[in-house]
Amino acid sequence: MMENIKILKGDAFPLGVTEQGDNRIQITVWRPKAAACSLCLYRNGKLVKKVKMFPMKEIGIKDIFSVQLIGENLFSLLSEMEYDFVADGIRFQDIYAKAVAGRERFGHKRGKIRARFVFDQFDWSGENWRKLPADEMVLYQCHVRGFTKHTSSGVKAPGTFSGMAEKIPYMKKLGINTLFLLPVYDFNERMAEAGEKDEKKVNYWGYTEEAFYFAPKAGYSAGDMSPSAEFQELVKKLHKNGMNLILDMYFVGQTPEFILQCLRYYVLHFHVDGFRLNQDCMDAAWLRNDPVLSHVKLLGNRWGDCPEDAGEEKLFEINDGFMVDARRYLKSDEGQTEKFYRRYREQRNGVGLIHYITQHNGFTLRDLISYDVKHNEPNGEKNQDGTEYNYSWNCGVEGPTRRKPILRMRERQERNAFVMLLLGMAPPMLLAGDEFGNSQKGNNNAYCLDNTTTWLDWRLLEKNRETFDFVKELLKFRGKNPLYHQKKRLTGMDTQGVGVPDVSCHGREPWVVDFSYYSRELGILYYGGYYGAESLYFAFNFHWDSHEFFLPDVGADMEWKILFDTAGAEGGRTVPQKYQMEPRSVTVFESVCKGGAGSKTVSNRRRRTKVKKTTTKKN
């Protein structure tokens, strides 16, 4: 049937394979300094056609080669084929390939790696695509394979896009609305060939320059449909459930034009909502001014300030700043109180922030409170890989233990960390599995392990149901409370003349701040008059002794009710103006009318407090 295919000269752009209408495609490739180039077509691994491509000599570009193929049933014919190129006797692949053959099984090489043709037409009807505003985002970082590969996941196709789609009801129940995936493009996960040293080690995360960035990974496909269609089906189901998707894209050695074209492709073809980028590959101005990418969320390590009138936040900083300060305050290091306060209430002009305490690179949360040092021996590098600076505390025993006092302290520290992360002002990012105590046995650099160390053990969900429920309640509270959805940035000043700043810092006593080196006690007041709800007071005691905290007065007829207490105090009850804080604990209070009379809030009364202080000084 290839004999009936007509071959014509194509155009210099776009590069890669493009459909030119019914029964016509164009294939264009750039091979620097090549004198000639041919397209090679394969069926079942055998070469069936070699097509000489045309150089663009007439426009003075001799090393761009192009060809157009025209013929009846061309798309169905080519969809069964693979292709690559040969130039000056050297075979090479299409870096713009939309699908790849040869890596259908994760960690197993089938044979030659070649590109495949993709002509899928996906039905997006009923998608209900809504891009979530920054104040609603709750991110959930996970690995496609590791999320459901364990037998306990209970999905039909473990370790795949389809398997992840089966877990959407679970994520919604938890309160997650923004899925943040490690690389899903087709990368080379093999770190050594069969028989070589470390042949069982894999590039599990996917950060490598050996990648086909346009092609969803075949090893993450269940095989019932093409990887592209299966990935599109996952995105469609996420959007139908009111969720968004952000992809981690790690570019190495690619041109800005290639990167822009790739990111646009994922937005237009896969309806992706945003990306995390290694910023050394791309200037922020290119992204902000791109007609497609200016409409999606872009996560980077540091963007710098943007104008406040830049509109809805699209640029987000995601770095280890909050993680380090929160971890050090959690483990009661000296000199951390002021740093944590600034981080907890932190907001930026024109640039969003995303906070996390754990991510894929480092300890899980359960390991953060169970290990003082890393245990990376399974990586085969004599425990010399991975960071030495974990800022962790094992609560008295290294690793697993049955000692009840240690376990109780770990439970409290875990709850403390969740309050610190999930109820701060910045959108939070959870590491998948932290909500039910997932552990990597102290490994803080599991980049090369594709086994039960990195696969989530879903049996832990039932074992740690209380942890899951606590996270769910925190996220439910965050989603409903107006504090987290106001459009104005907190200033720490009394901008409304009500006698109280919008956010203020306290110590064991109201309005008495203790940022001394040895201080580990902190109170933060969010005054409800600025966001139309009850006031909230966060009390942190990360000292190893209990301390009495005096709560601020926010009105003569108001008192404080406990919302959350990580030490286990009953929520919902009111307390006097002073409260005994247990060691290493966090309590969240909400202001209510004394005696429960009426429903009018402090914010509606706009009354001044009786505390005498300077109201215009920035706190």
What about the rings of [X] and [Y], do their centers lie closer together than 6.0 Å?
| X | Y | answer |
| --- | --- | --- |
| Y356 | F322 | no |
| Y391 | F363 | no |
| Y371 | H375 | yes |

Do the numbers put R116 on top of the ring of Y83, so that NZ or CZ is under 6.0 Å from the six-membered ring centre and no more than 45° off the axis?
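R116 over Y83 ring: no.
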Is the charged tip of K167 near the ring of W458: under 6.0 Å from the six-membered ring centre and within 45° of its axis?
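K167 over W458 ring: yes.
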Would you check if there is a donor-acceptor pair between the side chains of [Y] and [X] at a distance under 3.5 Å?
| X | Y | value |
| --- | --- | --- |
| D434 | T358 | yes |
| S162 | E230 | yes |
| Q20 | T18 | yes |
| D248 | Y207 | yes |
| T364 | N438 | no |
| N445 | N376 | no |

Take C37 and F92, measure what side-chain contact (heavy atoms from CB on, under 4.5 Å) needs, and give me the verdict at the end.
CA-CA 10 Å; C37 183; F92 64 99; 3.9 Å; yes
Are the side chains of [Y] and [X] in contact, using a 4.5 Å heavy-atom criterion?
| X | Y | answer |
| --- | --- | --- |
| R145 | P158 | no |
| P216 | F270 | yes |
| Q359 | D320 | yes |
| R103 | N188 | yes |
| I354 | N319 | no |

Full working for side-chain contact (heavy atoms from CB on, under 4.5 Å) between F275 and V296:
CA-CA 8 Å; F275 306 94; V296 301; 4.3 Å; yes
Students often mix this up, so state it plainly: with edges at 30° and 60°, are the rings of [X] and [Y] parallel, tilted or perpendicular?
| X | Y | value |
| --- | --- | --- |
| Y185 | Y213 | tilted |
| Y265 | H269 | parallel |
| H239 | W129 | parallel |
| F122 | W124 | perpendicular |
| W205 | H360 | perpendicular |
| F187 | Y220 | perpendicular |

So, for [X] and [Y], which heavy atoms are closest and what is the spacing to 0.1 Å?
| X | Y | result |
| --- | --- | --- |
| D186 | A218 | OD2-N, 3.0 Å |
| A115 | Q93 | N-OE1, 3.5 Å |
| N177 | E136 | ND2-O, 2.6 Å |
| F251 | N278 | O-ND2, 2.7 Å |
| V144 | L181 | CG2-CD1, 3.9 Å |
| W303 | L298 | NE1-O, 3.5 Å |

Could you check whether atom [atom1] of [X] has more than 12 heavy atoms from other residues, nucleotides or ligands sitting under 6.0 Å from it?
| X | atom1 | value |
| --- | --- | --- |
| D280 | CG | yes |
| K9 | NZ | yes |
| D88 | CG | yes |

Please lay out, stage by stage, how T454 and Y204 fare under the test side-chain contact (heavy atoms from CB on, under 4.5 Å).
CA-CA 9 Å; T454 52; Y204 181 71; 3.5 Å; yes
Kindly say whether [Y] contributes a backbone atom to a donor-acceptor pair with the side chain of [X] at under 3.5 angstrom?
| X | Y | result |
| --- | --- | --- |
| K236 | D123 | yes |
| N443 | A446 | yes |
| N444 | T387 | yes |
| K131 | H295 | yes |
| R190 | G107 | yes |
| R327 | N390 | yes |
| E210 | T208 | no |
| S66 | D11 | yes |
| H150 | S153 | no |
| T160 | G163 | yes |

Salt bridge check, [Y] against [X]: does any charged N sit closer than 4.0 Å to a carboxylate O?
| X | Y | value |
| --- | --- | --- |
| E104 | K217 | no |
| E388 | K374 | yes |
| E166 | K237 | no |
| R91 | D84 | yes |
| K297 | D273 | no |

Roughly how far apart are [X] [atom1] and [Y] [atom2], rounded to 0.5 Å?
| X | Y | atom1 | atom2 | result |
| --- | --- | --- | --- | --- |
| R24 | E19 | CZ | CD | 13.0 Å |
| S38 | K49 | OG | NZ | 11.5 Å |
| D120 | Q232 | CG | CD | 7.0 Å |
| N289 | S294 | CG | OG | 8.0 Å |
| D94 | W30 | CG | CH2 | 14.0 Å |
| W286 | L260 | CH2 | CG | 6.0 Å |

Under the side-chain contact (heavy atoms from CB on, under 4.5 Å) rule, what do L179 and I176 come out as? Steps first, then yes or no, please.
CA-CA 7 Å; L179 188 59; I176 299 302; 5.7 Å; no
